Amino acid sequence: MLMVAALYMVFLYVPTEAAQGIVQRIFYFHVPCAWVAFAGFGLVAISGVLYLWLGQDVWDDLGYAAAEVGMVFCTLVLITGSIWAKPIWGVWWTWDSRLTTTLLLWLLYGGYLMLRAAANESPNGARLAAVVGIVAALDVPVVIVSVRLWRTIHPAVLVTKQGGHGLQDPRMVTTLLVAMAAFTVLFAWLLMLRFATLRMRARIDRLTLRLALAEAAAQDI
Amino acid sequence: MTQFRAILGKDLRLEIRSGESTIALIALSLLILVVIVFALSQAGARGTEAGAGALWIAMLFSGMLGAVRALSSERDNGTIYALLVSPVDRTTIYFAKLTAAVVFMAIAEVAAVVLMVLFFNLNFDFGLLRMLPILALGVIGFGALATVLSAVSGHTRMGDLILPVLAVPLYVPALIAGVKASAAMLSGAPFTSAAIWIKILIAFDLLFVGAGYLLFEFVIAEN
Amino acid sequence: MTTLALQAHAVSHSFGSVPVLRGLNCDLAPGCAAAIIGSNGSGKSTLVRIFAGLLKPTAGSMVLFGDSRIDRRRLGLLTHQTFLYRNLTARENLEFYAALYGMRNPPQIAAEWIERIGLEALAAYRVRTISRGNEQRLAIARALIANPDLLIMDEPFTALDVAGAELVKGLIAESMERGCAVVLTAHSGATLTAIACERYELSRGRLAADKGT
Amino acid sequence: MENFGYLFAAYTIIFAVIFIYVMFIWRRQQRLEEDLRGLSRRVDEVDRKAAIKSAS
């Protein structure tokens, strides 16, 4: 519902931005994608801390789900950003600070997911993943600061991103807010879906164990 | 403290005895520097900036192989369990392994600096001395990261592959700051001009040494 | 009543969904030895790791020395892996472990143990150059170096000749007199029966006492 | 309508990716549900056998 409203507003309601033309409309989905991707990665760290602290599998599964869904949106941010950059800046990619930061995040959490895939069967996997999730989150502020400085010291590399100051029309703000809300809901929904499959996986493991125990016990009699 | 000294002393002694691994690390640094010279001379890049960049890349890769050895060698021959059942604190193990990693890397690093000066036609002057504290910060940061991550990757299948995938993006901010600060030092700019980069390096070190201190017990345990 | 050295109650362990140990009970008093006989794959090494606190059981409780926090200072462990550094000499290995256990004057302790296990001639050789049997002697000295109150030995007689086995039996008996509790494991019971006061049979993850034989 | 193609591509990709991801989760969920059904049947069977055995 919200999504439909957001789409309606993006394509019909909001006025076209003067400088960039129609392509600027990517903005309304691009930014919410970024927001939910960051929210997902933040959630990874929080659930990591909770897992190490409380030791409940629920937190581990939540962290995994958040990382995966966050990764999907992070990928979308990079793709849509690239598509937006081509007509406006004339290139698919520049080493602008925000782009670089996002790319690094993508690589970081890609590594996290690879670790999860590799450590899945290990009984330590959950703890290792929690630790790496926390370490990655600690890295994020340093990444942001250093990458930003890296680029501002080199002003040769173009343009800061438009939009932040470009929202002259109040309708643009409304549209962005609606899109934000829509994506937050979408994110939560995907997160729940993924989380549910992980919980089911855990249930299956428990049942398999019970079955193996019951069969072994039956042999003893 | 005696336990810390015992572990560290043993690691250093083992490393000196095996010898070949230190040589291999230096050889690797040499190779990386040579390859970078080939790659960059095409683009016409020369001097301090390129030299500093090459040096830090060499550090990253030789560190990836060298820094993790302190811990992975224990895992390879099972002695990690001996450390874990002994009354030694996990924290003591962490700091002993971190120190060993830093020492190994520092040795390779000194060799890399000499090679860099030769290959990039720099001078053995005061700039090099001023660069040393920056390199030290970089080595400590990477050592802390590598010690935790090698404990992580040691538990997993394809751990050797996982390690760089995790370590490289995590290390990027320190790499940026380190290259910038080193280049500034080499070109004779005052310390204050690189202050912000040095601050980033210090923040990175504090963050990851601290994180390792708090999280190491979770990655080293088996159950 | 003195506190038991080891109390395992309803200990179970599973790796993922594969059960390895199922509801084990085992009590061990100071100065007493338990022999655990089990074939390969019966869960022996998992059990050893749980007893040594290296692995947390999935269910059940493990208590050493009547305290839920393990005092690792009082624990000696010998496994298939000898825990010796192959590029250090025999003496250096013992000195290292003595220092690791926070003992005073490691060189002297190492020298004493070298003498007790009859390895004087090989003390300055690197471990990788000495025979497996001598390495096993050294590994046993390493496990005993801090005078533990609980000694867990996974197949201690591996690779030992008759003289070596006698030596180790003597060392175990000596520790037991001092009040040390001992857990021994083996494929078959022959060697252990003489030492142990309790015998358990481990099969398919279950522990059964059989004191009769 | 300059650059409309870019806009169109961006939105198509967003929805395509999300759709594929949902399908991927859904497929996985289906498979797990199947596993679960099979498992609970087997558990019931073993439980019943055990009950019969202890009764006799």
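What you are looking at is a predicted structure, and each value in this text was computed from that prediction instead of being measured. To find a chain, count down the sequence lines: A is the first, B the second, and so on, and within it residues start at 1.
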Criterion side-chain contact (heavy atoms from CB on, under 4.5 Å) on D/W26 and A/L193, from CA distance to verdict | CA-CA 8 Å; D/W26 188 71; A/L193 275 185; over 6 Å; no

Can you check side-chain contact (heavy atoms from CB on, under 4.5 Å) on D/I18 and A/L76, steps first, answer last?
-> CA-CA 9 Å; D/I18 291 172; A/L76 283 176; 4.0 Å; yes

Please report the C-alpha distance between A/F183 and D/I14 in whole Å, then the side-chain angles of each, then the deciding distance to 0.1 Å, and finally whether the side-chain contact (heavy atoms from CB on, under 4.5 Å) criterion is met.
-> CA-CA 11 Å; A/F183 268 83; D/I14 290 178; 4.3 Å; yes

Begin from the C-alpha positions of D/R28 and A/R201 and carry the test side-chain contact (heavy atoms from CB on, under 4.5 Å) through to its verdict.
-> CA-CA 10 Å; D/R28 193 179 276 197; A/R201 171 89 262 158; over 6 Å; no

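The candidate from D/D35, D/V22, D/I25, D/V17 with the greatest count of non-hydrogen atom pairs under 4.5 Å with chain A is D/I25.
Note that CG of A/L198 is 9.0 Å distant from CG of D/L32, once rounded to the nearest 0.5 Å. Between atom CD of residue D/E34 and atom CD1 of residue A/I204 there is a gap of 10.0 Å, rounded to the nearest 0.5 Å. Rounded to the nearest 0.5 angstrom, A/M200 CE and D/L36 CG are separated by 5.0 Å. Summarising the geometry, atom CG belonging to A/L211 is positioned 6.5 Å from atom CG belonging to D/L39; distances are rounded to the nearest 0.5 Å. Here the CZ atom belonging to D/F24 is positioned 8.0 Å from the OG1 atom belonging to A/T197, to the nearest 0.5 angstrom.
In this structure, chain D has heavy atoms under 4.5 Å from both the backbone and the side chain of A/R194. Of the atoms belonging to D/E45, not a single heavy atom falls under 4.5 Å from chain A.
Annotation: A/R210, atom CZ; neighbour count of heavy atoms from other residues, nucleotides and ligands within 6.0 Å does not exceed 12.
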